[in-house]
*Asks:* 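Structure provided below as structure tokens; questions to follow.
The chains referred to below are lettered A, B, ... by the order of the sequence lines, with proteins before strands, and numbering in each begins at 1.
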Amino acid sequence: MTTVESTGRVVGKWHGAWLRVEGYWTWYRRHWVSTLYSTGLQPVLFLAAMGLGFGSQVRPGSVTGGLSYLHYIAPALLAAGAAQQAVGESSYPVLSGFKWQKDYLAVTATPVSPGQVFGGHLIWSAMRLTLAGAIYAFVALFFGAWTGPGVLLVILAGTVTGLACITPMAALAARTSDEGQRFGLIFRFVVMPMTLFSGTFFPITQLPAAIRWLAWLSPLWHGTQLARGVSIGGVGGWAMLGHFAVLAALFAAGWALAHRAFYRRLVV
Amino acid sequence: MVSVQAPPRRAGLLLRVLPPGLYAGRARTLVERSVMVYRGNWLIFLSGAAEPFLYLLAFQLGFGTLVSEVAGPDGRPMSYVAFVAPALLATSAMNGAVFESTYNLFFKLRYAKLYDAMLATPIGPLDVALGEIGWAITRGGLYAVAFLAIAAAMGLLASWWALLMVPAALLVGLAFSAIGMALVTFVRSTAQFDYIQLALTPMFLFATTFFPLSVYPEPLQWVVRCLPLYHAIELMRGLATGLLSGSMLINLAYLLVLGGVGLWASTRRIAKLLLT
């Protein structure tokens, strides 16, 4: 009896995830045009319509902290765009990896582990979020939407907001076995209200006190505060740290859940 | 012994004028199927009615305090929330119809292969188109009634003409679902769904939903006037305020033509995709 020596290399901890990223990149190179909308264009459109169009009807006042409406919503729209992009990219696409396209199943037949599949999704999403934020920040520059050099930190705030939304959503998607009907409900009852009532377009002090705590729960409110804090100020240092901590905690909790869900579903 | 249902005896006008095989007079079976699909998912079905309500709430609480008055259809100032409400109804009719006729249709067409199965039975492409559009506008009509009730309760409707907003919403649904259905047959992968958003969001944002047309410089005003949603919003706003004008006939004609072209094109596309 002869022993056959394996010629394949078992991929390293990070290497496997990066192989996934390479896979996404190969796909993206062919299809990037069709994703322009979610990559930066959507918040730009909102900025044009709400900042310039609707903003032309708004008088700068106490509500906007004395700023023009354009300056007021520019950083918040980046965070809102990142949250929407994050939820979008981690709902149907993740379920599809398990269920319709089954590329997750195909990949885990190779030495890439389920954890690395999820890690690859995270790394790739973070890169896409940062790219989208950078494109938005650049275009918004021509609208005159930025008041100072805090812009670069706003991009980072957007990525952090997005990441805090990605992991819980991916965990939910990994535990979905039907056709994803619940995603429609999430978009309608979580993402949409979150965008409308998390201080993006108007401060949450406008909300009745009875429902204001709902805004505190939403990751987007923390992201919005973070983005405003670094670009136009008005948010204290400890408060910023608190907002960041909430987002980090959401990310970590979602990561733990998603990581386990990926293993459960992919390890036979 | 298996009993087979005979084709309908009473051949209507459509059956006589259309090429054979295109239409079998069974469009209602598709609507019936959709009803059965949603029977277990009524929560998703009803959630569509809640969405415009959330928007109305946001405008009442937040946006309305930033902008109290804008120029209405006759140039006189009106309350901002009353200005936005009819536009939101038009948008929700559009979104509902497009969602039903694009995302859902895409999955039925490409993944579930539903129509391949159906066209193997005595059902034609026009039945499919009519049935799906019929379902989409039924859904849109229910949402319109719910929205109108909420808007009326909030005191945002100024005239009895507002009742006509329900048939208007049905027309908007017909126009957008027919066009959406024709276009979605060209979509090859889910990544291209971005194009749908790329068409819907700019219309939602710029077709005078949130601010009057006068905000734009003159050349841009003409671009906005070409958007289908602009005509839907003009129609709704005229009815909600009771300020009727002759130009609303143009809005009406625009939507009717859009629906007709969409129905023709979607029938042709389904026949081409699945029967050849």
Side-chain angles (χ1 to χ4, degrees), chain A residues 27-28 30-39 41-42 45-50 52-61 63-64 69 72 84 88 92-93 96 99-101 178-189 192-193 195-197 199-208 211, chain B residues 37-38 40-41 43-45 47-51 54-55 57-71 80 83-84 99 103-104 107 110-112 187-216 220:
Chain A
W27 181 90
Y28 189 69
R30 285 161 183 266
H31 295 274
W32 64 273
V33 177
S34 63
T35 62
L36 271 181
Y37 174 75
S38 51
T39 314
L41 196 58
Q42 188 216 24
L45 288 171
F46 270 83
L47 187 70
M50 302 313 284
L52 297 177
F54 177 78
S56 71
Q57 313 282 306
V58 180
R59 304 259 166 282
V63 171
T64 60
Y69 194 63
Y72 177 75
Q84 288 196 345
Y92 289 106
S96 181
K99 185 166 178 154
W100 298 310
Q101 297 187 327
D178 59 8
E179 303 290 315
Q181 283 98 338
R182 60 173 79 165
F183 298 151
L185 292 178
I186 299 263
F187 287 122
R188 247 180 203 146
F189 290 119
M192 240 11 261
T195 314
L196 285 173
F197 299 104
T200 314
F201 300 105
F202 51 88
I204 62 165
T205 45
Q206 303 279 106
L207 300 176
I211 57 169
Chain B
V37 167
Y38 277 103
N41 277 321
L43 188 63
I44 292 168
F45 189 79
S47 71
E51 196 172 19
L54 286 172
Y55 271 101
L57 202 66
F59 280 93
Q60 184 88 40
L61 293 172
F63 294 91
T65 55
L66 292 165
V67 175
S68 46
E69 283 185 334
V70 282
Y80 186 67
F83 175 83
V84 169
F99 188 86
Y103 295 96
N104 285 359
F107 280 102
R110 303 267 175 195
Y111 292 154
V187 173
R188 300 217 149 268
S189 88
T190 50
Q192 292 176 334
F193 281 164
D194 258 32
Y195 290 133
I196 298 171
Q197 283 306 319
L198 206 55
L200 291 186
T201 315
M203 267 208 286
F204 168 57
L205 291 171
F206 297 110
T208 71
T209 319
F210 300 111
F211 43 89
L213 193 64
S214 55
V215 168
Y216 295 105
L220 273 182

*Asks:* Under a 4.5 Å heavy-atom cut-off, does chain B meet the side chain of A:Thr35, its backbone, both or neither?
*Replies:* both
*Asks:* With a 4.5 angstrom heavy-atom cut-off, is it the side chain or the backbone of B:Phe59 that approaches chain A, or both, or neither?
*Replies:* neither
*Asks:* Side chain from CB out, backbone as N, CA, C, O: work out which of these in B:Tyr55 comes under 4.5 Å of a heavy atom of chain A, or both, or neither.
*Replies:* both
*Asks:* Determine the option with the most heavy-atom pairs under 4.5 angstrom with chain A, choosing from B:Leu66, B:Val70, B:Leu57, B:Leu61.
*Replies:* B:Leu66
*Asks:* Can you list everything that forms a side chain to side chain contact (heavy atoms under 4.5 Å, CB included) with B:Thr201? Sequence neighbours excluded, please.
*Replies:* A:Tyr37, A:Phe46, B:Gln197, B:Leu205
*Asks:* CZ/B:Phe107 to OH/A:Tyr92 distance, rounded to the nearest 0.5 angstrom?
*Replies:* 7.0 Å
*Asks:* Do A:Phe54 and B:Thr209 come close enough that some side-chain heavy atom pair is under 4.5 Å?
*Replies:* no
*Asks:* Rounded to the nearest 0.5 Å, what separation is found between the OH atom of B:Tyr111 and the CD atom of A:Glu179?
*Replies:* 11.0 Å
*Asks:* Taking the side chain as every heavy atom from C-beta outward, state whether A:Phe202 and B:Thr65 have any atom pair closer than 4.5 Å.
*Replies:* no
*Asks:* For A:Gly53 and B:Phe211, which heavy atoms make the closest approach, and how far apart are they?
*Replies:* C-CD2, 3.5 Å
*Asks:* Report the distance from atom OH of B:Tyr216 to atom CG of A:Leu52, rounding to the nearest 0.5 Å.
*Replies:* 10.0 Å
*Asks:* Quick one, B:Leu54 and A:Phe197 - any side-chain contact, counting heavy atoms below 4.5 Å?
*Replies:* yes
*Asks:* Which bit of A:Leu36 comes within less than 4.5 Å of chain B, counting heavy atoms only: side chain, backbone, both or neither?
*Replies:* backbone
*Asks:* Measure the shortest side-chain to side-chain distance between A:Gln57 and B:Phe63 over non-hydrogen atoms and say whether it is less than 4.5 angstrom.
*Replies:* no
*Asks:* Tell me, out of A:Tyr69, A:Trp27, A:Trp100, who's got the most heavy-atom pairs with chain B below 4.5 Å.
*Replies:* A:Tyr69
*Asks:* So for A:Leu45, is it side chain, backbone, both, or neither that comes closer than 4.5 Å to the heavy atoms of chain B?
*Replies:* both
*Asks:* Heavy-atom pairs under 4.5 Å with chain B: which of A:Ile204, A:Val33, A:Val58 has the most?
*Replies:* A:Val58
